[in-house]
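Hydrogens, waters and symmetry mates play no part in the numbers below; they use all other heavy atoms, side chains included. Everything numeric here is computed off the predicted structure, so don't read it as measured data.
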Amino acid sequence: MIDGSPSIQEAGVEAPGVQKLAWKPVGAVAATAAVALLLTINRYDYHRDELYFRMIGAHPKWGYVDQPPFTPLLTRACVEVFGDSMWAIRVPGVLFLVAAVFLLALIAREAGGGAVAQTLAATGAITTFALVSTHLALTTGPDFVVWLLVVLLVMRALLRERPRSWLLAGLVVGLALYNKHLVILLLLTFAVGVLILGPRKVLLSPWLWAGLGIAVVVGLPNLLYQITNDFPQLDMAAALAENKGDDARITMIPLQLAWLGPFFVPVWIAGIVTLLRNPALRPVRALGLAYPLMLVLLFVIAGQPYYTVGLLAALFAIGAVPVERRVTRRWILVAGAAVNAGFAILTSLPVLPVDVVGRTPIPAINQGISDQIGWPRYVQQVAAVYEALPAADKPHTILLTGNYGEAGALDRYGPKLGLPPVYSGQNELWWLGPPPRSATVVVLVTQGDPARSTAFGSCEHKADLDNGYGVENEEQTARVFVCRGLTGTWSDLWPSFQHFD
């Protein structure tokens, strides 16, 4: 029946047997992943998002205009405990990656996979998206882990008839809302999948609704922040859709083939097929339908292509089970996983010397690499403009940037160079303004044309930022100006500087 009314027991089909966890090979994969991160943890420089989180994390809140508080506050906590350094804020990422390795293995195990399937599933964490997300202190690292954990708990609730797992799933979802709200996409598409494919009776489970209640209660402070601040993340989502929506739709399908690597595409496709066709997995087959539903939803709302990766990785882990049974030549799996991992490490982590990477296609493949290059040099170039100012101007000077990466870099490296405070109108940083009334001279860093602004009487072009490594990133197009002659008070002018991106 299409609604899956009879349980698999009633239909005479046994649930997939749960194998022992393959601790040694899965542990070896986890160790390899952790070593790859640790060996590269302090190379190149901060990512622009890390600089931003470091800056706004110094101002604790229940939520920020562009995201929940978890990652900025975790970044701040790491700075306070371990010191103000790159490796300090990246240490949690190693733990997130190791957790992802074991969660992928456990998902394969729940689907009936043995040691080979579990090990293959675990290598799904040594892939482009997972490595970038955990090497850097980004929101996507913990979110990746959360999606895998929710899928695992759903499988346990439905395949093992452990309804209490819904309670833990609700707790995880509630906590996840403090990092990103994207887990709602997973819940929504899975619920629609259940309505279409079943088992619909699970929607009447008091355990499921109790879990949902736990999620709401735990996540309530973050929800209240959104309500009391007129849902700022809706404004942020609208800005992303307007600025990047067309690109997101164009790249949606091609990037699905890239996130886990080309070798793994047949494996996650096998995961969808086995969910829809294997009677033993009938209670969770809605997971197979959730993925195409999510693609359609993201296309409609112009969501970013990477929003699917948590579910995609879970499908890969499930697909490892039929691969284990059908591919008897294990060397094929070992070779494919090794090549996939090698390519992912080379293109996702700062492996090559910084003065070489600009002569490779890696920055074009992975913007996360290019966004880690050049910050100290950029700050020194801004400092040179500030130092050239007349001595009488310096006490009345502030720094103003067009984006949060520039602001974060100046906030991180500027004080040691004697630079004044930095302000920006982008996202949450706007709320840290306006500058003081005494600020009459502005060293402006922007990719735009300050002549289009009515805030200044004059702006003189002083420098062009250059990282010196031949790596193209947003700052290679930025210019530095000295602006004077404010046309009003900062309180009056500051609203015109606000922008979301």
(message) Between Asp66 and Met236 (side chain of the first, backbone of the second, donor and acceptor by atom type, cut-off under 3.5 Å), is there such a pair?
(response) no

(message) Can you give me the closest heavy-atom contact between Leu203 and Leu195, atom names plus distance?
(response) CD1-CD2, 3.4 Å

(request) State, to 0.1 Å, how close Pro420 and Leu399 come at their nearest heavy-atom pair, and which atoms those are. (result) O-CD1, 3.6 Å

(request) Without swapping roles, check the side chain of Asn427 against the backbone of Asp501 for a donor-acceptor pair under 3.5 Å. (result) yes

(request) Please report the closest heavy-atom contact between Ala344 and Ile126, naming both atoms and the distance. (result) CB-O, 3.7 Å

(message) Is it the case that the side chain of Asn222 and the backbone of Trp62 share a donor-acceptor pair, with hydrogens and angles ignored and the cut-off at 3.5 Å?
(response) yes

(request) Determine the interplanar angle of the Phe129 and Trp259 rings, folded into 0 to 90°, and report it as parallel if under 30°, tilted if 30 to 60°, perpendicular if over 60°. (result) perpendicular

(message) Counting neighbours of CZ on Phe299 that are heavy atoms of other residues, nucleotides or ligands and sit closer than 6.0 Å, is the number greater than 12?
(response) no

(message) Nearest 0.5 Å, please: how far is CG in Leu103 from CG in Leu148?
(response) 5.5 Å

(request) Assess the side chains of Thr308 and Gln256: does a donor N or O sit below 3.5 Å from an acceptor N or O? (result) yes

(message) In the structure I gave you, are the side-chain heavy atoms of Tyr306 and Leu255 within less than 4.5 Å of one another anywhere?
(response) no

(request) Hey, can you tell me if Tyr423 and Trp494 have their rings parallel, tilted or perpendicular (30° and 60° cut-offs)? (result) perpendicular

(message) If you compare all heavy atoms of His135 against all heavy atoms of Thr40, which two are closest, and at what distance to 0.1 Å?
(response) CE1-O, 3.2 Å

(message) With rounding to the nearest 0.5 angstrom, report the CZ to OG1 distance, Arg479 to Thr477.
(response) 9.0 Å

(message) Within this structure, what is the CD-CD distance for the pair Gln367 and Glu472, rounded to the nearest 0.5 Å?
(response) 12.0 Å

(request) Evaluate the side-chain contact (heavy atoms from CB on, under 4.5 Å) criterion for residues Arg359 and Val356: first the C-alpha distance (whole Å), next the side-chain angles of each, then the deciding distance (0.1 Å), finally the verdict. (result) CA-CA 6 Å; Arg359 299 195 295 272; Val356 171; 3.8 Å; yes

(request) Could you tell me whether the side chain of Tyr469 and the main chain of Ile373 form a donor-acceptor pair under 3.5 Å? (result) no

(request) Determine the minimum heavy-atom distance between Thr189 and Leu186, stating which atoms define it. (result) OG1-O, 3.3 Å

(message) Using a 3.5 Å distance criterion without hydrogens, assess whether the side chain of Arg249 forms a donor-acceptor pair with backbone atoms of Val300.
(response) yes

(request) Compare all side-chain heavy atoms of Val357 with those of Thr360 and state whether any distance is below 4.5 angstrom. (result) yes

(message) Considering only residues two or more places apart or on different chains, which pairs with a residue in residues 456-501 satisfy disulfide (SG to SG under 2.5 Å)?
(response) Cys459-Cys483

(request) Flag the pair Asn340 / Pro262 as yes when at least one side-chain heavy-atom distance between them is below 4.5 Å, and no otherwise. (result) yes

(request) Mind checking the OG1-CZ spacing from Thr139 to Phe70? Nearest 0.5 Å is all I need. (result) 10.5 Å

(request) Using a strict cut-off of less than 4.0 Å between a Lys/Arg side-chain nitrogen and an Asp/Glu carboxylate oxygen, indicate whether Arg48 and Glu406 qualify as a salt bridge. (result) no

(request) Please answer whether the main-chain N or O of Asn467 pairs with a side-chain N or O of Arg377 as donor and acceptor at a distance below 3.5 Å. (result) yes

(request) Please confirm whether the backbone N or O of Gly63 pairs with a side-chain atom of Tyr225, one donor and one acceptor, at under 3.5 Å? (result) yes

(request) Locate the shortest heavy-atom distance separating Leu104 from Ala313; write the atom from each residue and the value. (result) CD2-O, 3.4 Å

(request) Report the distance from atom OG1 of Thr127 to atom CZ of Phe316, rounding to the nearest 0.5 Å. (result) 8.0 Å

(request) Go through Leu389 and Val443 one step at a time and tell me if the side-chain contact (heavy atoms from CB on, under 4.5 Å) criterion holds. (result) CA-CA 10 Å; Leu389 291 174; Val443 176; 4.1 Å; yes

(message) Would Tyr378 and Asp45 count as a side chain to side chain donor-acceptor pair (under 3.5 Å) here? Give the steps.
(response) CA-CA 12 Å; Tyr378 293 145; Asp45 202 73; over 6 Å; no

(request) Classify the angle between the aromatic ring planes of Tyr404 and Tyr52 as parallel (below 30°), tilted (30 to 60°) or perpendicular (above 60°). (result) parallel

(request) In plain terms, say whether Glu50 and Arg54 are close enough for a salt bridge, that is, a side-chain N and a carboxylate O under 4.0 Å apart. (result) no

(request) Scan Lys61, Gln67, His59 and name whichever one has a side-chain hydrogen bond (donor to acceptor under 3.5 Å, both in side chains) with Glu428. (result) Lys61

(request) Please check if atom CD in Glu474 has more than 12 non-hydrogen atoms from other residues, nucleotides or ligands closer than 6.0 Å. (result) yes

(request) May I ask you to check whether Trp207 and Ser205 show a side-chain donor-acceptor distance below 3.5 Å? (result) no

(request) Apply the test side-chain contact (heavy atoms from CB on, under 4.5 Å) to residues Leu298 and Leu185: give CA-CA distance (whole Å), side-chain angles for both, the deciding distance (0.1 Å), then the verdict. (result) CA-CA 9 Å; Leu298 292 177; Leu185 290 174; 3.9 Å; yes

(message) Check the orientation of Tyr46 and Tyr413. Use parallel for under 30°, tilted for 30 to 60°, and perpendicular for over 60°.
(response) perpendicular

(request) For His461 and Ala463, indicate whether the former's side chain and the latter's backbone hold a donor-acceptor pair under 3.5 Å. (result) yes

(message) I'd like to check Pro221 versus Tyr178 (side-chain heavy atoms, cut-off strictly below 4.5 Å). Are they in contact?
(response) yes

(message) The test is side-chain contact (heavy atoms from CB on, under 4.5 Å); show your working for Trp430 and Val65 and say whether it passes.
(response) CA-CA 10 Å; Trp430 183 84; Val65 68; over 6 Å; no

(request) Mark yes when over 12 heavy atoms from residues, nucleotides or ligands other than Asp466 sit less than 6.0 Å from its CG; otherwise mark no. (result) yes

(request) Enter the distance from Thr140:OG1 to Phe96:CZ here, rounded to the nearest 0.5 Å. (result) 10.5 Å

(message) Before you tell me yes or no, could you show the steps for Ser424 and Asn403 under side chain to side chain donor-acceptor pair (under 3.5 Å), namely the whole-Å CA-CA distance, both residues' side-chain angles and the distance that decides it to 0.1 Å?
(response) CA-CA 7 Å; Ser424 177; Asn403 69 48; over 6 Å; no

